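Worksheet for the structure shown next.
Order of the sequence lines sets the chain letters (A, B, ...), proteins ahead of strands, with each chain counted from 1. Since we're looking at a predicted model, the values are computed, not measured.
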Number of protein chains: 2
Amino acid sequence: MKKRPSTVCPIVYALDIWGDPWSLVILRDVLIHNKRHYREFLASRERISTNILSARLQSLVEAGLLIKLEGDTNRAQTMYRPTQKALDLFPVVFAIMHWGLKYNPNTDMTIPIMQELTTNEKALELRLLENFDDVTS
Amino acid sequence: MKKRPSTVCPIVYALDIWGDPWSLVILRDVLIHNKRHYREFLASRERISTNILSARLQSLVEAGLLIKLEGDTNRAQTMYRPTQKALDLFPVVFAIMHWGLKYNPNTDMTIPIMQELTTNEKALELRLLENFDDVTS
DNA sequence: AAGTCGTGCTTGCATTTTGCAATTCCACAC
DNA sequence: GTGTGGAATTGCAAAATGCAAGCACGACTT
């Protein structure tokens, strides 16, 4: 990922942080699917490779979207959790999902979230946010 | 840009279309700044290079987000205009702008749109949509 | 009709990033 | 110590990017 000099445009600012093809996939897994471990991210359908995953996790930590924690029981089991800055991406992620939902004929509507997204987005957001009480408190 | 096989996830679907670091910059210029000519896109602060611009315009046309038209007076003056599929990205673009606005300390608030985005987003969207009456009618 | 200007786009090439498999590092368990 | 599994690095081929130069072509000038 190229780095542009500090920008005056909010969109370019956002793109410079998560505007590559992988960061948003990771953020989706964190925000929507409540994943937190390296192995969980690796297991996603999109088959991210280990070096890219590692690099993206690092850059998201640097950008202040994720924090890296030692596992509770096992100290080797690193845990990645979102910051408020990442949680504020919910509206973005939802907007993208709405758009994808409208135009991707292959969308899997059996994914639990999908139904609720169209019928009750606000409740969905609030429910998902509960996953991060540990972070926001 | 890599191509992933057809996906079941609306987010990945969206990323495969405009999830590279440049496509959204072009779409921003089309949707927000009402640009339509090659030279206008080249003139953006972000200094996209000619080959990338050309490739991205093509892929956005292929993806059905833009249409390519001959200029009205000058046949050599190609014109790129958004389709409905691109206009439906307004909520996404706005959501990203809100986020960038919150976290990018360098945001240039003198850009006309910025003030209105925070105070009256819906009116802003409607006003911008008027730029595309030719396309939607 | 010949020059030249503006506009959109392609080419060539060095640099960077990706994809993928193999390997290493390290905490913990036994 | 040996083994196990999670996290990350390395090596290398393939692809994408950045950049400068040049090409095609319609329109305008004379």
*Under 4.0 Å between a Lys/Arg side-chain N and an Asp/Glu carboxylate O for A:Lys122 and A:Glu116?*
no

*When you get a sec, tell me which of C:dC9, C:dG19, C:dG8 is the closest nucleotide to the side chain of A:Ser49?*
C:dG19

*State whether B:Arg56 places a side-chain N or O below 4.0 Å from either non-bridging phosphate oxygen (OP1 or OP2) of D:dT17.*
yes

*What is the distance, rounded to the nearest whole Å, between atom CG of A:Leu53 and atom P of D:dA8?*
8 Å

*Specify the separation, in whole Å, of atom CG of B:Asp20 and atom P of C:dT18.*
12 Å

*Do NZ/NE/NH1/NH2 and the carboxylate oxygens of B:Glu130 and B:Arg127 come within less than 4.0 Å?*
no

*Atom CG of A:Leu57 to atom P of D:dT9: distance rounded to whole Å?*
11 Å

Between the protein and nucleotides 10-14 of chain C, which nitrogen or oxygen pairs are less than 3.5 angstrom apart?
| residue | atom | partner | partner atom | Å |
| --- | --- | --- | --- | --- |
| C:dT10 | OP2 | B:Ser54 | OG | 2.9 |
| C:dT10 | O4 | B:Thr50 | OG1 | 2.7 |

_Below the 4.0 Å mark, does C:dG8 have OP1 or OP2 next to a side-chain nitrogen or oxygen of B:His37?_
yes

*For D:dA8, take OP1 and OP2 only and decide whether either is under 4.0 Å from a side-chain N or O of A:Arg39.*
no

*Taking 4.0 angstrom as the limit, do B:Arg36 and B:Asp29 come out as a salt bridge?*
no

*What integer distance in Å separates B:Gln77:CD from D:dC25:P?*
18 Å

*So, B:Thr107 side chain and A:Cys9 main chain: donor-acceptor pair closer than 3.5 Å or not?*
no

*Take atom NZ of B:Lys35 and atom P of C:dT7, then tell me their distance rounded to the nearest Å.*
14 Å

*Presence of B:Tyr80 side-chain N/O under 4.0 Å of C:dT7 phosphate oxygens OP1/OP2*: no

*Atom CD of A:Glu46 and atom C1' of C:dG19: how far apart are they, to the nearest Å?*
15 Å

*Within the structure, does a side-chain N or O atom of A:Trp22 lie under 4.0 Å from either OP1 or OP2 of C:dG19?*
yes

*Without swapping roles, check the side chain of B:Trp22 against the backbone of B:Ser49 for a donor-acceptor pair under 3.5 Å.*
no

*Does the pair B:Lys68/B:Glu62 count as a salt bridge with the N-to-O cut at 4.0 Å?*
no

*Starting at atom CD1 of A:Ile52, determine the distance to atom P of D:dA13, rounded to an integer number of angstrom.*
17 Å

_Using a 4.0 Å heavy-atom cut-off, does A:Phe41 contact any base of the nucleic acid, only the sugar-phosphate backbone, or nothing at all?_
nothing

*Once you round it to whole Å, what is the distance between C1' of D:dA8 and CE of A:Met79?*
19 Å

_Which residues pass the side chain to side chain donor-acceptor pair (under 3.5 Å) test with B:Asp108, not counting sequence neighbours?_
B:Thr110

